[in-house]
Amino acid sequence: MSASPSGPGASRTRSWWGWGYTDAHPDDAECVALGALLPGTPARPLPVPRVADLSIGRPGVTPPTALAHLVTTDPDVRAAHAMGKAYRDIIRALRGRPGRIPDLVARPTHDRDIADLLDWAGGRGVAVIPFGGGSSVVGGVEYRGDIHRAVLSLDLTSMDRVLEVDTVSRSARIQSGALGPVLEAQLRSHGLTLRHFPQSFEFSTLGGWLATRAGGHYATGRTHIDDFVQSLTVVTPAGPGTSWRLPASGAGPSPDRLFLGSEGALGIITEAWMRLQERPRHKASASVAFADFRQALEAVRAIARSDLSPANCRLLDPGEALLSGASHDGSSVLVLGFESAASPVDGRLASALDLAHAHGGRGGTPAADGDAPADTAVSAWRSAFLRMPYLRDGLARMGAVVETLETAATWDRVPALIDAVRTEVGSAASKATGHPATVNCRLTHVYPDGAAPYFTVAVAGRPDDEVRIWDDIKAAASDVLHRYRATITHHHAVGRDHRPGYDLQRPDPFALALRAAKDALDPHRILNPGVLID
């Protein structure tokens, strides 16, 4: 097993194969209960996998003496760094086939360590896979292929300090290996927060957020990690570099933008100056039910176009609302939340509720301003949101195929896109398995010009054929997204799983420039091979 790093949660044990902490995983009885929701699942769950049952060979390389103190060959640690936490990863671990297990795991503590490791790996033909919290759900932290002599997983979580806080400019210089709770704990004494809370917050790092252009929990305003960046420090095989720390600049193409979203294919992000915010003191939330999902979409569009800027504006379709416990009568549910460090937010919530009611919404008694408990639907959704990845793993143990996909499109295409994904992906899942499939949708982020639908697909699988079925579902979803010119990913990155869709989405001249950057910065082609470009 892999113990979590120092800081919040340090006394709990991280799962090497599944999401989060081992003590939070569904037990066998809960797995069976989950399986009962999908016709065709077996009577018993697959056993929890053990590292001892894996075939883990001897490392293909030995690091030089000068780097040996940074590197481990421990089988448990190597297994925990073999892959991320996508459904595809979970089911492979359950079936005892996790893929290529890295030969070595390195934990650098300084930029110089990283430079030395990259220099050694480049001269030996060793692939280097950057690794933060390991929460990737797109195949972003595993090695696929056989052209490299060996594989080194570069774990950055020992570089997890807030090095400097500038309270005048309200920003901080932070090492990239800081996990979400570790980062926030160090900012709390200053009364500040990064205010970036993805669902993976406990198990992902600042560097991972930056390298994948991660989206946070908040539905409007500053939500993508890009919005918080002042400056980056990056170590590449061609040398290190630090961009100037600025509030804004019009000086040519942004050097930060080259590495934001580069997924470790161009260099290793080691530090960043990040914009901070005061911790919120005023909060209010409510939920609104809709009998008609199309009317609910119009309500969300109206709120997104207003200047109200809700922190949460999450629309759940009837299936998603039922699954989360937010509704049991076939209604769609809009979860609204507002927060501020400066002033009460009751009025903004009331205005948003007026807009929702004008489009057919009903209910929505606001909770009191401050930290008062939210209404029942909001509380149910919040609990389900945090629990969902664990339940996904429980369903996987029952042989179910569970896929999530998120995208974004302009408002003129959103309704038809949602209908097409529900119909075509559901049909593909049923065809691949012979079982009825469920496809639920929620909006996670909303913009004046569009929205980000997030889909969950669940269907009973066939024993030992789950990965192929998952591939078929992924291909069907990608085809729909491409046809509607919706992005292949809104906040989960490209990795290896989204490469076919990404190759179709990006313009050819940009692909040419990206390959040239790869050649210049990583001439030995050792950094995260197969991600973004070949």
Side-chain angles (χ1 to χ4, degrees), residues 111 114-132 136 138-149 151-152 154 156 176 207-214 224-226 229-244 246 249-272 478 482 485 487-489 491-534:
D111 285 16
I114 295 174
D116 290 343
L117 286 163
L118 294 183
D119 185 59
W120 168 75
R124 301 296 188 282
V126 175
V128 177
I129 312 296
F131 196 97
S136 171
V138 293
V141 295
E142 67 175 274
Y143 180 83
R144 296 181 191 171
D146 56 7
I147 65 173
H148 290 84
R149 178 181 177 187
V151 178
L152 169 73
L154 189 67
L156 297 167
S176 65
W209 303 340
L210 295 166
T212 61
R213 293 182 66 194
H224 274 270
I225 198 66
D226 315 35
V229 176
Q230 280 186 332
S231 166
L232 295 181
T233 294
V234 183
V235 176
T236 79
T242 300
S243 60
W244 284 20
L246 297 166
S249 174
S254 166
D256 296 329
R257 289 278 173 175
L258 178 63
F259 295 100
L260 288 169
S262 64
E263 302 190 36
L266 302 178
I268 309 298
I269 299 170
T270 61
E271 291 181 12
S478 298
H482 181 64
R485 296 184 70 82
T487 182
I488 192 63
T489 178
H491 57 259
H492 278 158
V494 175
R496 292 164 178 82
D497 296 338
H498 288 156
R499 264 296 302 279
Y502 176 67
D503 288 350
L504 293 172
Q505 181 176 326
R506 67 187 177 194
D508 290 341
F510 180 76
L512 184 66
L514 193 58
R515 291 189 189 97
K518 177 75 169 177
D519 289 338
L521 296 173
D522 181 22
H524 296 293
R525 296 281 177 140
I526 60 170
L527 287 177
N528 221 2
V531 166
L532 298 183
I533 45 180
D534 294 325

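Remember, predicted model here, so these are calculated numbers, not experimental data.
With rounding to the nearest 0.5 Å, the separation of OG1 in T236 from CG in L527 is 8.0 Å.
In this view, E271 and R173 satisfy the salt bridge (Lys or Arg N to Asp or Glu O under 4.0 Å) rule, not counting sequence neighbours. For H148, the side chain to side chain contact (heavy atoms under 4.5 Å, CB included) partners are A127, Y143, P529, not counting sequence neighbours. By the side chain to side chain contact (heavy atoms under 4.5 Å, CB included) test, P253 is found to be paired with no residue, residues two or more places apart in sequence or in another chain being considered. With sequence neighbours left out, the side chain to side chain contact (heavy atoms under 4.5 Å, CB included) criterion links T270 to D111, I114, M159, T233, V235, I268. Among residues two or more places apart in sequence or in another chain, the side chain to side chain donor-acceptor pair (under 3.5 Å) test is passed with Q230 by S171, R245. With sequence neighbours excluded, the residues satisfying salt bridge (Lys or Arg N to Asp or Glu O under 4.0 Å) with R506 are D503. For T487, the side chain to side chain donor-acceptor pair (under 3.5 Å) partners at least two apart in sequence or on another chain are Q505. Partners of S249 by side chain to side chain donor-acceptor pair (under 3.5 Å), not counting sequence neighbours: none found. Partners of S243 under the side chain to side chain donor-acceptor pair (under 3.5 Å) rule, at least two apart in sequence or in another chain, are S231, D256.
Pairs passing the salt bridge (charged side-chain N to carboxylate O under 4.0 Å, His left out) check and including a residue from residues 114-124, sequence neighbours excluded, read R112-D116. Listed by first and then second residue, the salt bridge (charged side-chain N to carboxylate O under 4.0 Å, His left out) pairs that reach into residues 518-534 are R499-D534, K518-D522, D519-R525, sequence neighbours excluded. Here salt bridge (charged side-chain N to carboxylate O under 4.0 Å, His left out) pairs that include residues 231-241, with residues two or more places apart or in two chains, number zero.
Residue-environment remark: CZ (R144) exceeds the threshold of 12 foreign heavy atoms within 6.0 Å.
Between the H498 side chain and the A493 main chain, a donor and an acceptor come within less than 3.5 Å of each other.
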